[in-house]
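A short write-up of the structure that comes next.
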Amino acid sequence: MGSLISQIQAVVAMNLRSLPQRIWMSLATLFAVAIVVAVLLAFLSMANGFQQTVKNTGSESLAVILRAGSQAELNSVITRDQVNLLSEAPGIVRGDKGPKVSAELYVTVDGIKRSSQTEVNLPLRGISESGISLREGFTIIEGRMFEPGKNEIVVGSSVLREFSGFELGNSLRFGKTTWTVVGVFEAGASVFASELWTDVRTLQSQFNRGSSAQVIRVALQQPGDIGAITEYIDKEPRLNMDVKTEAEYYQEQAKAMSDMIFFLGWPLAIAMALGALAGALNTMYNSVAQRAVEIATLRAIGFRGVSAFLGTLVESLVLAFIGGLLGTLAAFLLFDGISASTLGGSFTQIVFSFELSSDAFVQGITLAMIIGLVGGFFPALKASRVPVMVAFSVDP
Amino acid sequence: MTDTYLVLKNLTRNKLRLVLNCFAILIAFLLFGALGSLQHAFTAGIELSADNRLIVVNKINFTQPLPIAYVNKVRAIDGISKVTHANWFGAYYQDARRPMVGLAVDGDSYLDIYDNILLSDGGREAWLKERQGVIVGERMAHMHGWKVGDRIPISSNIFSQADGSTVWDMVISDIFRDKEPSADTNFLLFHYKYFIETQTFGKDWVGWMILTTEDSSLNERVAKAIDTNFANSSTETDTSTEKAFNRSFLEQVGSIGLIITSVIFAAFFTILLIVGNSMALSIRERTREIAVLKTIGFAAPRIFGMVLAESISLALIGGLLGLGVAVMLINGASSNPQLQSMLPNLIVPPSILIQALGYMLALGLITGIFPALRAMRLNTIDALNRG
């Protein structure tokens with residue numbers, strides 16, 4: 001047994017040391033694998049980054065209430081009376097200042113995307129003090145909070161990064177009204193960081209919305225439990241509303257986009273991996289053909305077929321592994337952390353960062369190793385079956 | 001023995017290698033065909049928009065309304081031939097999770113501007129007469145199995161009526177086609193009057209205006225005149241060509257074009273590496289043969305041509321197969337109703353086919369040129385000695 005292992009070691013070493021003889025073919029395979037892995041990781045990190053941002057937004061302890069059928073904050077309309085009725089619903093946390101309910105307004109304004117210099121939709125959210133107290137991760141990192149009754153805006157940190165014109169102290173014109181950016185806020189890596197916030201009453205009057213709101217957020221007594229509120233709404237004919245936990249709401253909003261990225265990314269990577277596999281097979285068959293005399297000679301002096309098999313397989317796996325690492329490194333350097341934005345469910349921009357997860361890393365290397373394994377297996381089989389006679393032929 | 005015969009023999013001498021190379025090229029052109037069509041589907045709306053059509057929206061954002069009085073004010077501006085307006089209805093049919101495109105429009109003027117919308121004989125008059133009338137695109141009607149005369153309840157995810165209901169009763173007056181067969185007809189149009197009188201958001205406002213200029217050379221001047229006219233008013237406007245508007249709308253989703261181009265580039269580069277090397281190898285393997293051919297009188301340019309013919313044939317075989325698979329894939333996908341509603345223009349356009357042919361020739365040339373040069377310049381004596 002010991003001799004078989006040393007045989008295998010010897011053959012593997014021979015294979016690897018002879019790599020420079022096939023340098024161009026080997027490099028081609030290596031780069032092909034690297035590119036496939038990099039493309040896969042680009043899509044996975046995009047899907048992951050987008051999903052993380054949206055996941056960080058939704059809380060289980062808040063419920064989002066919208067007009068029935070409206071699907072997104074942007075579409076919904078809720079009257080003052082309905083807000084008052086809903087505040088009476090059971091299952092809502094009641095503090096010193098009454099039930100923890102936040103009626104919010106959500107309008108769309110134009111911003112300029114830095115990367116493309118095109119106009120994009122940004123959400124301007126009208127919110128009250130009680131609404132802000134519902135958001136756990138909210139902190140002002142620069143400047144100060146807006147004052148109720150004044151045309152003042154605080155902007156999310158992602159807005160500042162991705163869109164131009166929202167720097168602290170800037171004046172913004174929306175129609176005939178002028179607003180001042182007085183602060184920058186951080187809200188975790190969440191969708192809120194892609195929003196502009198202002199006082200809800202001011203927004204209602206400046207955008208002629210009367211006393212109407214678009215979305216109601218309430219703090220739930222039991223996180224995740226919206227049963228009591230749903231029941232209350234069903235019994236009250238004046239309320240025609242959909243209730244979801246905030247976590248559920250944002251998951252639904254993000255589903256279409258992250259599904260699309262995911263389902264586009266994997267088929268693409270698999271198709272490209274098949275192309276790279278063809279390259280790997282080519283390379284390894286060539287390697288076997290080139291070393292046919294060598295392999296046959298080893299067989300003639302007593303080496304076993306399995307050592308030839310493993311020698312070829314390991315060569316292929318090593319090439320694929322280096323390719324996979326290279327691809328991962330390239331993806332990490334090129335994509336990880338880059339900021340991008342896309343349209344979310346409410347028809348406004350959501351800023352997110354590409355995020356390479358350890359999962360994606362494992363998947364990338366796995367894909368590379370599969371290419372190496374399949375690409376090496378069949379040529380290795382051929383290598384193990386090279387007839388001993390070949391060693392004695394004059395012209396291979 | 002003709003050259004064609006020799007090229008064929010060379011191509012098929014290592015069948016396994018031929019299959020592998022063809023497969024790699026197939027993958028590259030499959031990706032090109034499929035992704036190229038996808039990109040085309042995303043941008044098709046832009047290409048179909050007319051040159052002299054302008055869109056006027058609220059300067060704050062296009063989701064904010066405009067006063068209806070603006071329609072007549074704009075009509076008075078020089079250089080404009082027709083003006084109409086539209087409101088986004090946020091329509092859906094039964095299932096709120098499947099929104100559809102529905103616009104409340106002023107029928108007569110809208111059809112004047114969008115003359116690509118083709119109604120049946122008498123369809124226009126029938127629609128204009130019917131207060132609750134709606135005209136539905138062929139594709140949408142087909143998807144839901146609707147016929148002329150059907151009464152359909154269309155819900156809005158934005159608006160409600162005075163009694164709190166969010167469902168509007170409509171009667172299908174006609175089903176329309178588009179002049180351009182590949183254009184999207186997955187939308188419905190109904191009367192602004194019916195909409196504005198029944199919804200509760202307040203009267204006298206429109207979503208946006210569409211106008212045609214007398215000539216596309218006037219576009220810029222007219223756009224400026226409109227925006228200046230409403231500057232410093234309570235509602236300022238932002239006017240752009242329909243093309244620019246559609247393009248920037250698409251940009252909001254992200255740089256789809258850039259992503260697709262990068263993936264295609266990566267795929268081609270990979271295949272170039274693989275096939276190029278393999279081609280070089282097979283010529284190196286044949287060094288002695290080529291020397292023999294030269295010795296028996298094959299001129300250098302002829303050898304050069306034979307090698308190039310081999311690499312180009314390889315690219316064409318793999319490429320055409322890949323393109324064929326792409327066409328089948330796209331045709332299969334575009335008959336899926338869900339995909340169809342998302343990407344109505346999903347077809348393999350002729351421009352993609354022509355580009356693909358060009359890239360096949362280029363791939364064959366690039367992978368073949370160096371081996372061919374090498375073969376052409378081969379020193380016969382050296383090559384024979386080396387063997």
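Proteins get letters first, then strands, A, B, ... in listed order; numbering begins at 1 in each. All values derive from a computational prediction rather than experimental measurement.
Here the closest non-hydrogen pair linking F23(B) and A278(A) is CD2-CB, 4.0 Å. A pairwise comparison of heavy atoms in N21(B) and N282(A) identifies OD1-ND2, 2.9 Å as the closest pair. Contact record, I274(B) with G275(A): CD1-O, 3.6 Å, taken as the closest heavy-atom pair. For the pair L264(A) and L38(B), the tightest heavy-atom approach, listed with the atom from each and the gap, is CD1-CD2, 4.1 Å. In terms of heavy atoms, A271(A) sits closest to I27(B) at O-CG2, 3.1 Å.
Here T108(A) is the residue among T108(A), V120(A), T342(A), V107(A) with the most heavy-atom pairs under 4.5 Å with chain B. By number of non-hydrogen pairs under 4.5 angstrom with chain A, the leading residue of S248(B), S234(B), C22(B), A244(B) is S234(B). Among the candidates M46(A), E119(A), R22(A), R238(A), the residue making the largest number of heavy-atom pairs closer than 4.5 Å to chain B is E119(A).
In this structure, chain A has no heavy atom under 4.5 Å from any part of R247(B). With a threshold of 4.5 angstrom between heavy atoms, V109(A) approaches chain B through its backbone and through its side chain. Interface residue A32(A): backbone and side-chain heavy atoms are both found under 4.5 Å from chain B. There is no contact between I25(B) and chain A, counting heavy-atom distances below 4.5 Å. Only the side chain of S116(A) comes within contact range of chain B, with heavy atoms under 4.5 Å apart. With a threshold of 4.5 angstrom between heavy atoms, I35(A) approaches chain B through side-chain atoms but not through N, CA, C or O. Interface remark: S233(B) contributes backbone atoms only to the contact with chain A (heavy atom separation under 4.5 Å). With a 4.5 angstrom heavy-atom cutoff, F159(B) touches chain A only via backbone atoms. In this structure, chain B has a heavy atom under 4.5 Å from the side chain of T118(A), while its backbone stays farther away. With a threshold of 4.5 angstrom between heavy atoms, V77(A) approaches chain B through side-chain atoms but not through N, CA, C or O. Only the side chain of Y285(A) comes within less than 4.5 Å of a heavy atom in chain B; its backbone stays farther off. In this structure, chain A has a heavy atom under 4.5 Å from the side chain of L35(B), while its backbone stays farther away. Using a 4.5 Å cut-off between heavy atoms, D238(B) touches chain A through its side chain atoms alone. Residue L16(B) touches chain A through its side chain alone, counting heavy-atom pairs closer than 4.5 Å. Both the backbone and the side chain of S278(B) come within contact range of chain A, judged by heavy atoms closer than 4.5 Å.
How far OG1 of T283(A) is from CG of N277(B): 7.5 Å, rounded to the nearest 0.5 Å. To the nearest 0.5 Å, the span separating CG on N121(A) from CZ on F249(B) amounts to 7.5 Å. L20(B) contributes atom CG, which lies 11.5 Å from atom CG of N286(A) (distance to the nearest 0.5 angstrom). Distance check: N157(B) CG to R67(A) CZ gives 7.0 Å after rounding to the nearest 0.5 Å. For the atom pair N75(A) CG and S156(B) OG, the distance stands at 7.5 Å (nearest 0.5 Å). Atoms CD and CZ, on Q71(A) and R98(B) in that order, are 12.5 Å from each other to the nearest 0.5 Å.
For CZ of F201(B), the number of neighbouring non-hydrogen atoms (other residues, nucleotides, ligands) closer than 6.0 Å is greater than 12. Around the CZ atom of F31(A), the shell of radius 6.0 Å holds no more than 12 heavy atoms that belong to other residues, nucleotides or ligands. Within 6.0 Å of CZ in F370(B) there are 12 or fewer heavy atoms belonging to other residues, nucleotides or ligands. Within a 6.0 Å sphere centred on NZ of K243(B), heavy atoms belonging to other residues, nucleotides or ligands number more than 12. A 6.0 Å sphere centred on CZ of F207(A) holds more than 12 heavy atoms belonging to other residues, nucleotides or ligands. At most 12 heavy atoms of other shown residues, nucleotides or ligands fall within 6.0 angstrom of atom OH in Y359(B).
Note: F347(A) and F62(B) have perpendicular aromatic rings, judged against thresholds of 30 and 60 degrees for the angle between ring planes.
You'll find the side chain of M272(A) stays beyond 4.5 Å of the side chain of I271(B), heavy atoms only. Looking at heavy atoms from C-beta onward, F174(A) lies out of side-chain contact with N61(B) at the 4.5 angstrom threshold. V263(B) is listed as a side-chain neighbour of F43(A), based on a closest heavy-atom distance under 4.5 Å.
A salt bridge links R173(A) with E236(B); the closest basic N to acidic carboxylate O contact falls under 4.0 Å.
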Practice item. Walk me through it: do Q349(A) and Q252(B) pass the test side chain to side chain contact (heavy atoms under 4.5 Å, CB included)? Key: CA-CA 7 Å; Q349(A) 296 286 312; Q252(B) 296 225 28; 3.1 Å; yes
